[in-house]
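Lettering of chains follows the sequences in order, A, B, ..., and the numbering in each one begins at 1.
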Amino acid sequence: MSETDTRTTEETERARRPGRERGRDDGKFGRYGGQYVPEALMPAIEELTDAYERYVLDNEDGFMDEFRERLAEFGGRPTPLQRADRLSERYDTEVFLKREDLLHGGAHKLNNALGQVLLAKYMGKERIIAETGAGQHGTATAMAAAHLDMPCTIYMGERDINRQRPNVFRMKLNGSEVKPVTTGRGTLKEAISETMRDWAATVEDTHYVIGSIVGPHPFPVMVRDFQAVISEEARGQVVEKTGGLPTDVVACAGGGSNTMGAFADFVDDESVALHAVEAGGSTLEVDEEAGVAPNSASLYAGEEGVLHGARTKLLQDSDGQIMESHSVSSGLDYAGVGPELAYLVDEGRVRPVAVDDDAALEGFHRLSSTEGIIPALETAHAFGFLEDHHEELGERVVVNVSGRGDKDLDAAIEETDQRDVANAPDMSMFTGGI
Amino acid sequence: MSETDTRTTEETERARRPGRERGRDDGKFGRYGGQYVPEALMPAIEELTDAYERYVLDNEDGFMDEFRERLAEFGGRPTPLQRADRLSERYDTEVFLKREDLLHGGAHKLNNALGQVLLAKYMGKERIIAETGAGQHGTATAMAAAHLDMPCTIYMGERDINRQRPNVFRMKLNGSEVKPVTTGRGTLKEAISETMRDWAATVEDTHYVIGSIVGPHPFPVMVRDFQAVISEEARGQVVEKTGGLPTDVVACAGGGSNTMGAFADFVDDESVALHAVEAGGSTLEVDEEAGVAPNSASLYAGEEGVLHGARTKLLQDSDGQIMESHSVSSGLDYAGVGPELAYLVDEGRVRPVAVDDDAALEGFHRLSSTEGIIPALETAHAFGFLEDHHEELGERVVVNVSGRGDKDLDAAIEETDQRDVANAPDMSMFTGGI
Amino acid sequence: MADTGNSAAIAEAFADGPAYVPYLVVGDPDYESSKAYVEALDRGGADVIELGLPFSEPIAEGSTIQEALVRSLDAGMTPDRFFAFAAELDVEAPLVCMTYYNLIYQYGDSEARSASNASGEAASTGPRPFVERAAAAGIEGLVVPDLPAEEADPLREACDEFGLDLVFIVAPTTRADRLDRLMDRVSGYVYVQARLGTTGARDDVSDQTTESLDRLREYDVPKAVGFGISTGDHAERIVAGGADGIIVGSALVDTVAEGVAEDLSTDEVADRLEALSRELKDGAVRGHRSRTDTVESA
Amino acid sequence: MADTGNSAAIAEAFADGPAYVPYLVVGDPDYESSKAYVEALDRGGADVIELGLPFSEPIAEGSTIQEALVRSLDAGMTPDRFFAFAAELDVEAPLVCMTYYNLIYQYGDSEARSASNASGEAASTGPRPFVERAAAAGIEGLVVPDLPAEEADPLREACDEFGLDLVFIVAPTTRADRLDRLMDRVSGYVYVQARLGTTGARDDVSDQTTESLDRLREYDVPKAVGFGISTGDHAERIVAGGADGIIVGSALVDTVAEGVAEDLSTDEVADRLEALSRELKDGAVRGHRSRTDTVESA
Ligand SMILES: Cc1ncc(COP(=O)(O)O)c(C=O)c1O
Ligand SMILES: Cc1ncc(COP(=O)(O)O)c(C=O)c1O
């Protein structure tokens, strides 16, 4: 507890959400978690841990109040819980959609980015850095930084920059500097290294905004706490609408932030089944020789290891080298996963499921054409799951719509073109891109 | 009104919003409005008028309740009213943003599209048609139609199709048929004619969803009533936040639906100044010879005439031929405007202002970089107005953020490239498009 | 108003036998050819000629006529040139102008209009100057497809002042209460829309036509049926079904468009228009005869 | 643990005079050249040699070393080849392996691991097999940049079991409480990070170095300063400032990279590495001498 804390315990996050204690004290989720970082970053990590405890957990200086207010006003919270009429009919079960796609920026990413940038402000930091792969976390961070008037630098692999130009443009419009990373293969992992490098040199005045529930403690708990607003709202909404808890909650999982966000307040409700849907990519087989796993199913198919500051489940070869992962959705394309999810899977509390590229694309077209919501390709995996597994589900299912698909139009064309997607519209005029 | 109406008057729209009586009875706003349509459509118009009165005004069968619930759940209402910290500082006045950009689909358009598609369902129609120019109204209608399981055909000029491929793709994803219109110049006006043509042949089972407060009665009042939720919410929100009414409400105006939506419930508050910001284009001068007005300032510079079913203010030559209008934002690029706005301008209640392309682009970059919100180019005009006219405004200004700018990234690059936009970021890597 | 029109010539055109009422867009594809075409209609037996004055937003037209309107506008057609054209025409049939209300409403002293606009007041010339000018050019009637009866009183007054007929369109969907309102204001003839949809040549004869004619029987204004008539056969059946005249637009405009597409000479197109007119007129006459026969044999 | 290390050779390297501790990535740019390069360091006067075993996600490295790690991985480096390399080396200086924790943690019986995974249980070989194998290959110490003291106990135990030193890095930002925790677990020498930032050759000598050395004075484990040392001059000043040794990485890796870029012969690159080593070593010796002089003249 902080010395300047003058609020009653009722007002603090700890008191409000006792179900979110996992990992808060020591950053450990059973065997997972921890702080595997270079010594130079340890002080920053400790400073952040302290700030997390004071501002997030104890609401010092009214941090959480301001956070929630900004999430509401700037972000557009609460997002609705919508009954999906046609999916409900199709699966003969009540399907509810948690509409994170309606959040400012078009995905749940802002919940976290806004929380961290605001926290950096409370900590007196003067600069924000972040890495981004496809650009979703980068755009969310750039928006939050502009909103809170913080200079911001986003590291992005050069190859990703070329593939995700609209997102690069959005970050620049929001006043962020986008630094191309030219080392190695020019993708997310090099961008992460480069951001770490920047942080290691600038920790004193800079905060590194990590984009999912990964990385060293306190990131996994902190990002979870910022994203937990999803399940906090959804739980209240589903109870209000139906008078009871859902039987199932479904969310896609890359790093797992929308996933833990959607699960957090349901973990203690033992009757609620939690399904983490990972990218099955083209196949779950791995090519050890090439170091490639053509999927991103680290919960389902990964092994314990240490990556980017935490012990968790990873896609790695037998030496411990990290595999190149793959998914039709770049936002799920990550070889690791949040340590809390790894733990909850081992505990049997969360069920990991892999949905392959084909099923995800069908899910994409199904939600678009029958519900009038074009989902992100990441999110589409959750709907691929629904189609394949609906008979295993109970009578009231909440699916987290983690983001909208406007960013994915080009990819959807290309990927739909490459295969026989049964429920795709005639897209002949778009062959070759938009 | 209707025979089956069993609700108390308190529940009806008429009773709830007496301030919205203008035009309801006869479709007239002073000299403006009316029903200038081919005889074949008159019965449809009369049927629609009847349906409007029963379902919208009298909430028959709980239409308005369902509409509001779907707007909330599917659309994401209420949208926030956000204080814009940095603009407030810049202009030394409290600036609040009404965040219609957060509505599903990315613009206020859905308020109307959802209302009309739902109404068509209540009327027993089996098919939806709509015209679209840049594709904003088309995408909103396609979403609403998918959501409500109504077959939908969108007419779009061939040239517009080629310029707005992402929107075309979105409509197709939502299951709509997009029919290219090849007559004439292949733009919005030909698409309107073609939609009218379809409607004239199919009125019995088809509803034509008009996209703004234009067209014959009851469209102007009906679309206004659907969009009035903007000011209904904003008024409540600003009073709750500040304890008082705003001094000014600002909205861009093309056809004027976000405009009237933002103004509706403030019209009776005489202390509130209402500013309708039109596209000044490159200049307010017109080229009579070529029939081109390089702007879309029909309220500010237009003359009374009859277009697309209503008497209103138009950009026309001295013969009465409609001018080709122009704006950097395709959604404002329309030679007419809603008759209610024409009336309110003549009455002195609404102040029309023209903001040119350059100032709009600066507004676009300003909001993006200082507030972390990338606005639609249409919306950007309202922020161009703020910059140029803030000294004339009172101490509490509400600006309607009618839509987000994701759809405009290409246009923003091209247009920023063509001129010296003082506050644009370095965009050299984007020269030539994304 | 009902059956007694302002224009004696139009009344006469319907007086004995069926009236053949062809339509062309003035200035399509250019001023001079267009004049030759209209005169060919006259030679082909036109009883009344409808002249289309193009408006930039023709919401009531099929694509055939819309394209013709664009051709004419692109070639520089204006209301003033239209009036000059009408005045120069060498035809026997009375002329009816078909156009959209905005052109009628705006016509007049454009300086006065812009002055009133600058002073902040709305312009309000209204339809009178247009009608006055039309009358001077020899126009005897108006059809305004986007002007419903409810909005028509100012135009009706001007027409009466200058002796023009004002033709209204009745659609298959027009309900009884509206029918009265229309028939109260119509003069010259009523334009019976043969089917739903917009203009354009079609091949069948619609049931809707018969129903419409039935509903109109009690009103004794001449009933001219239009929308989709393209052959002598059609014409015959429609007149046999009770029509007092036939209005033919798209089939003739198509002929002009063919001339443009195939780069035919003006004479060649004019000949085709004349021949088609004859066929249509003959069909109408046959239809009328068969009706009279039926009546007589009854 | 503190000052008494497990490796006598490492202790000896720091015993008299300053230690020159060069670093190279094993297998950069290929196995054989790399061996020649490491042996050149030895000839150039290395007292301890740090051998980098490349990991695919090297979050603590500057771009120079990151690129070298990629070159080595692309050329097929694995932990087993690394150990073979170490065993084959013909050098006098004791060897320290620098790598990331995941490679240490995963090493072992891969069949056992995948069996345990298939059975649904997490693998838990832990660091012992790696350390055992390292010891067998002649490695006498480990540096693991992503392993903080808090997570280091299992590795510390394995190192003690097999007689290896475990080197920790102290950063300018390391706070006092953490310093104690680190110094409790360190052995062999402590790696004093000269400045904030990641590895990479720089030109100046940082104030942060002096401060760090001051803070470490009370702990009597040897202090080797690294990060950014690239010339004999640097080396001199740093040792003069109180360091017991200098660690040089990027400057040497740069030399290897130059060889790749300019397509130099292995011998040429080896010669340059040897020469640079000599310069650095000499600088360190000069620095040490000046310090002794100062002390003596004081
Ligand atoms: C829409 C969307 N959903 C899901 C993800 C995956 O991230 P996480 O698993 O952290 O929610 C991303 C990442 O970019 C995303 O953009
Ligand atoms: C974002 C946005 N704002 C404004 C408009 C203009 O329409 P209206 O004036 O009817 O609000 C459009 C039309 O497409 C739009 O997309």
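- In terms of non-hydrogen atom pairs under 4.5 Å with chain C, the most contact-rich of B:Met323, B:Met42, B:Glu194 is B:Met42.
- Residue B:His308 comes nearest to C:Ile59 through the heavy atom pair CD2-CG2, 3.6 Å, listed as atom of the first residue, atom of the second, then distance.
- Of the listed residues B:Ser193, B:Ala335, B:Ala342, the one with more heavy-atom pairs under 4.5 angstrom with chain C than any other is B:Ser193.
- C:Asp146 places no side-chain N or O within donor-acceptor distance of the main-chain N or O of B:Tyr36, the cut-off being under 3.5 Å.
- When heavy atoms are compared at a cutoff of 4.5 Å, C:Leu69 does not approach chain B at all.
- The two residues C:Ala60 and B:Pro38 come nearest to each other via the heavy atoms CB-CG, 3.5 Å.
- Neither the backbone nor the side chain of C:Pro172 has a heavy atom closer than 4.5 Å to any heavy atom of chain B.
- In terms of heavy-atom pairs under 4.5 angstrom with chain B, the leader among C:Asp80, C:Thr174, C:Val144 is C:Thr174.
- Salt bridge status for B:Arg311 with C:Glu151: absent, with no side-chain N to carboxylate O gap under 4.0 Å.
- The line from CG of B:Leu188 to CD of C:Glu57 is 9.0 Å long, rounded to the nearest 0.5 Å.
- Not a single donor-acceptor pair under 3.5 Å links the side chain of C:Glu61 to the backbone N or O of B:Arg197.
- With a 6.0 Å radius and a threshold of 12 heavy atoms from other residues, nucleotides or ligands, B:Glu288 has its CD atom above the threshold.
- A distance of 11.0 Å separates CE in C:Met77 from CG in B:Asp319, rounded to the nearest 0.5 Å.
- Across all their heavy atoms, B:Gly305 and C:Asn102 have their closest contact at CA-OD1, 3.0 Å.
- Within a 6.0 Å radius of CD in B:Glu285, other residues, nucleotides and ligands contribute 12 heavy atoms or fewer.
- Taking C:Tyr101, C:Phe55, C:Phe130 one by one and counting their heavy-atom pairs under 4.5 Å with chain B, the maximum is reached by C:Phe55.
- Contact of B:Gln316 with chain C is made through the side chain alone, with heavy-atom distances under 4.5 Å.
- The parts of B:Glu47 that come within reach of chain C are both its backbone and its side chain, each placing non-hydrogen atoms under 4.5 angstrom from that chain.
- For a residue to count as touching a neighbouring chain, one of its non-hydrogen atoms must lie under 4.5 Å from one of that chain's; by this rule B:Leu41 does not touch chain C.
- The greatest number of non-hydrogen atom pairs below 4.5 Å with chain B, out of C:Leu103, C:Ile104, C:Leu147, is found for C:Leu103.
- In plain terms, the two heavy atoms of C:Pro148 and B:Gln35 that are nearest each other are CG-O, 2.8 Å.
- Minimum interatomic distance between B:Gln321 and C:Ser56 (heavy atoms only, all atoms of both residues): OE1-N, 2.8 Å.
- Taken to the nearest 0.5 Å, the CZ atom of C:Arg178 stands 5.0 Å off from the CD atom of B:Glu46.
- Closest approach of C:Val170 and B:Glu39 over heavy atoms only: CA-CG, 4.1 Å.
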